[in-house]
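Structure, as structure tokens:
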Amino acid sequence: MVDALGVAVVGFGWMGRVHTRAYARVGHHYPQLPLRPELLTVAEEVPGRAEEAAARFGFARATRDWREVAADPRVRAVSVTVPNFLHREIGVAMAEAGKHLWIEKPVGLTGADARAVADAVAGAGVQGAVGFNYRNAPAVEAARDLIAGGELGTVTHARFRLFSDYAAHPDAALTWRYERSRGGSGVLGDLASHGADLARFLLGDIASLSADTAVFVPVRARPAGATAGHARALGGEPGPVENEDYAGCLLRFASGARGVLEACRVSVGEQNNYGFEVHGTRGAVSWDFRRMNELAVSRGTTYQDQPVSTVYVGPGAGEFAAFQPSAANAMGYDDLKVVEAYRFLRSVAEGRPYGATLADAVHGAAVLDAMVLSAGTRRWVDLPPGPPGGPG
């Protein structure tokens with residue numbers, strides 16, 4: 001028997017659309033799931049946007065006030081896809097109202113924000129999931145299995161990169177993303193949060209780090225009205241960019257491995273250049289998001305001049321079999337959110353967490369806080385260990 005689960009989406013920019021499409025598709029890919037999401041309410045404060053979303057995607061109701069979602073007993077699960085500065089208030093309110101919570105990273109502006117939401121979820125006894133979608137790529141999960149299985153020997157060092165050009169144009173509008181009070185730590189929250197999660201997902205806890213940050217486009221024009229995505233603004237009042245365009249970080253893992261994490265939102269010539277390279281005493285593995293279904297793998301016993309092979313992941317890797325029947329059939333970005341929706345809904349159905357959790361978000365936020373502190377003080381910063389059991 002399949003039960004209906006009333007869901008709401010709070011915030012309907014691009015990510016709200018992605019969550020909504022994932023809810024619509026999840027039953028197609030996971031027919032065994034005992035819950036079927038029912039789109040009840042969409043909440044968005046921009047005039048007309050919620051009504052448009054309801055008409056287009058089939059929500060039963062539209063509102064500009066997210067508090068109406070929290071007060072509705074028919075809504076049992078909520079996606080929170082609003083700007084970062086609203087994560088804490090809305091996330092805590094939804095959990096305290098007894099709603100299961102799927103919230104986008106970085107879950108607020110600081111580690112304290114992430115902990116507040118995590119505590120509210122734990123205190124309410126509801127399930128919580130976080131939008132660390134890149135760990136859901138079957139190739140990433142296959143890489144994790146290679147590493148955990150000792151195929152590379154002992155991991156010695158790794159590099160994690162997240163380069164994008166979404167803010168490279170000097171006419172990009174001065175939206176909330178560039179203000180510290182609303183966007184937090186800039187590219188750290190936008191992109192480095194994914195890098196910190198991937199690093200821990202693959203290699204375990206980060207023990208200490210040393211970071212440097214920079215702003216390369218210091219002034220932008222304010223938009224005249226509501227914006228979506230990465231809009232441009234011409235002729236608006238200029239204002240300062242308050243948070244980071246670039247972050248670079250040296251990592252020391254609890255295992256003894258070393259790492260480098262770089263993230264930049266103004267990288268001209270780079271479109272979503274996200275990935276990693278992990279090296280061990282007997283081999284190496286690398287992944288590029290732009291070739292999401294492939295791994296470059298070197299393993300064997302020759303060490304010097306050891307060849308690298310391209311491996312196309314297939315039904316044995318992660319959730320690949322729910323989408324494609326054989327290796328080298330491509331999956332895409334939205335598929336990763338369908339996987340995330342499935343794991344969230346499975347958590348709700350079974351009462352235990354699957355996938356990235358609020359505990360993972362708290363640990364990731366601690367890494368970002370440490371990067372900000374390190375960049376400001378120009379010193380190494382130690383981090384506390386992550387939650388028991390390792391990354392979800």
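The chain is numbered in sequence order, starting from 1. The model shown is predicted, which means the values in this text are computed figures rather than measured ones.
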Inset, instruction - Please name all residues satisfying salt bridge (Lys or Arg N to Asp or Glu O under 4.0 Å) with Arg252, sequence neighbours left out, ordered by chain then number. - result: none
Legend entry - Any side-chain donor near an acceptor of the partner, Tyr333 and Asn272, under 3.5 Å: no
Legend entry - Aromatic plane relationship, Trp102 with Phe344 - under 30° parallel, 30 to 60° tilted, over 60° perpendicular: tilted
Side-chain donor-acceptor contacts of residues 179-189 below 3.5 Å, not counting sequence neighbours, with atom names and distances?
from, atom 1, to, atom 2, distance (Å)
Glu179, OE1, Arg182, NE, 2.8
Glu179, OE1, Arg182, NH2, 3.3
Arg180, NE, Glu242, O, 3.3
Arg180, NH2, Glu242, O, 2.9
Arg180, NH2, Glu244, OE2, 3.2

Legend entry - From Trp380 atom CH2 to Leu209 atom CG, the distance as rounded to the nearest 0.5 Å: 7.0 Å
Legend entry - salt bridge (Lys or Arg N to Asp or Glu O under 4.0 Å) between Asp334 and Arg17, intermediate numbers included: CA-CA 10 Å; Asp334 277 26; Arg17 288 170 169 79; over 6 Å; no
Legend entry - Pairs where residues 191-212 contributes a residue and the test ring pair (Phe, Tyr, Trp, His ring centres under 6.0 Å) is met, not counting sequence neighbours: Tyr134-His194
Inset, instruction - Apply the test salt bridge (Lys or Arg N to Asp or Glu O under 4.0 Å) to residues Arg36 and Asp3: give CA-CA distance (whole Å), side-chain angles for both, the deciding distance (0.1 Å), then the verdict. - result: CA-CA 6 Å; Arg36 289 292 179 272; Asp3 294 328; over 6 Å; no
Legend entry - salt bridge (Lys or Arg N to Asp or Glu O under 4.0 Å) evaluation trace for Glu38 with Arg76: CA-CA 10 Å; Glu38 179 183 356; Arg76 295 172 55 201; over 6 Å; no
Inset, instruction - Using distance alone, with no hydrogens and no angle criterion, decide if Glu340 and Asn136 have a side-chain donor and acceptor under 3.5 Å apart. - result: yes
Inset, instruction - Decide whether Val107 and Val92 are clustered together by the hydrophobic rule: side chain heavy atoms of Ile, Leu, Val, Met, Phe, Trp, Tyr closer than 4.5 Å, transitively. - result: yes
Legend entry - Nearest-0.5 Å distance that lies between atom NE2 in His100 and atom CD in Gln127: 6.5 Å
Inset, instruction - For the residue pair Ser298 and Gln306, confirm or rule out a side-chain donor-acceptor distance under 3.5 Å. - result: yes
Inset, instruction - List in chain and number order the residues that pass ring pair (Phe, Tyr, Trp, His ring centres under 6.0 Å) with Phe160, two or more places apart in sequence or in another chain; answer none if no residue qualifies. - result: none
Inset, instruction - Compare all side-chain heavy atoms of His19 with those of Val7 and state whether any distance is below 4.5 angstrom. - result: no
Legend entry - Euclidean distance, Leu261 CG relative to Arg159 CZ, rounded to 0.5 Å: 10.5 Å
Legend entry - ring pair (Phe, Tyr, Trp, His ring centres under 6.0 Å) contacts touching residues 297-330 (sequence neighbours left out): His29-Phe323
Inset, instruction - Nearest 0.5 Å please: distance from the OG1 atom of Thr110 over to the CG atom of Asn84. - result: 11.0 Å
Legend entry - Qualifying ring pair (Phe, Tyr, Trp, His ring centres under 6.0 Å) pairs with a residue from residues 353-378, counting only residues at least two apart or across chains: none
